[in-house]
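Remember, it's a predicted structure, so these values are computed and weren't measured experimentally.
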Amino acid sequence: MVSGHPVSARDGFLRASNYYRSAGFFLHGDPGDPRIDAAYTRQATCFRAYAKLVEHIEPIQIPYEPAALKGYFYRGTRGATVIMHNGFDGSAEEMHFFAAAALHERGFNVLVFDGPGQPAAMRAGMHLRPGWEPVVTPVLDWLHASPYDIDPDRVALLGVSMGGLLAPRARRRSSPASRH
């Protein structure tokens, strides 16, 4: 797939992911359009191929209800971590362009994920919910249990678009994993 040109391949996969994301956005006028799922699948596939070609981004799955929340973890060097999520129609892959790449360049760990009602979770049958507390608690539990260098006193949450409405609703609740 890379054929001796890893930088070109990496950049090409990232561009292709963004092109599919952009194309899919304009299809949402008809929610039943099958090209929406096709564009999203190709966007996510290209982004995962990009992530394989950089050393600091890992696809992750966070246990949640009957399925898992999909996302990516960007390994930084400072221990400080920013958790990011989008709003209604934006994806975890899109967070790369909003701030994940820039935060990582500045040494932060970054965890991006799709919550209920967002592209990957919606395809797994998880629909948008008004309360975001039950969403962020397992994300924090996963983060604190992860093998990454995390400073638990330096974790921030950033919601983009409608995620800016959801993020302030997220307070850490006590969960079975966080009681131990």
Does the side chain to side chain contact (heavy atoms under 4.5 Å, CB included) test come out yes or no for Tyr64 and Met126, once each step is laid out?
-> CA-CA 10 Å; Tyr64 180 82; Met126 292 180 266; 3.4 Å; yes
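- A side-chain donor-acceptor contact under 3.5 Å links Arg21 and Asn18.
- Linking Ile, Leu, Val, Met, Phe, Trp and Tyr whenever their side-chain heavy atoms come within less than 4.5 Å leaves Tyr40 and Tyr20 in two separate clusters.
- The closest side-chain heavy-atom distance from Leu103 to Tyr74 is not below 4.5 Å.
- Separation of atoms CD (Glu133) and OG1 (Thr137) is listed at 7.5 Å; rounding is to 0.5 Å.
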Any chance you could lay out the side chain to side chain contact (heavy atoms under 4.5 Å, CB included) test for Phe13 and Thr45, step after step, and finish with the verdict?
-> CA-CA 9 Å; Phe13 283 127; Thr45 299; over 6 Å; no
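- Enclosure of atom CZ in Arg35 is not indicated, since only 12 or fewer non-hydrogen atoms of other residues, nucleotides or ligands lie within 6.0 angstrom.
- Under the 30°/60° scheme for interplanar angles, the aromatic rings of His104 and His56 are found to lie parallel.
- Tested against Leu143, the residues Ile62, Ile60, Ile150, Asn109 include a single side-chain contact (heavy atoms from CB on, under 4.5 Å) partner, Ile150.
- The CD atom of Glu93 sits 6.0 Å away from atom OG of Ser17, with the distance rounded to the nearest 0.5 Å.
- Ring pair Tyr72/Phe47: centre-to-centre distance below 6.0 Å.
- Leu158 and Met95 end up in the same hydrophobic cluster when Ile, Leu, Val, Met, Phe, Trp and Tyr side chains are linked at under 4.5 Å.
- Here the OG1 atom belonging to Thr81 is positioned 5.0 Å from the CZ atom belonging to Phe73, to the nearest 0.5 angstrom.
- When ring centroids are compared, Tyr50 and His96 come within the 6.0 Å threshold.
- For the atom pair CG (Leu27) and OG (Ser22), the distance works out to 11.0 Å, reported to the nearest 0.5 Å.
- If you check the side chains of Glu58 and Tyr148, you find a donor sitting under 3.5 Å from an acceptor.
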Worked check of salt bridge (Lys or Arg N to Asp or Glu O under 4.0 Å) between Glu65 and Arg129 | CA-CA 13 Å; Glu65 294 183 5; Arg129 57 181 307 147; 3.0 Å; yes
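- There is no side-chain donor-acceptor pair under 3.5 Å between Gln118 and Ser91.
- Summarising the geometry, atom CD1 belonging to Ile36 is positioned 5.0 Å from atom NE2 belonging to His28; distances are rounded to the nearest 0.5 Å.
- Looking at Asp114, its side chain never comes within 3.5 Å of a backbone N or O of Ala121 through a donor-acceptor pair.
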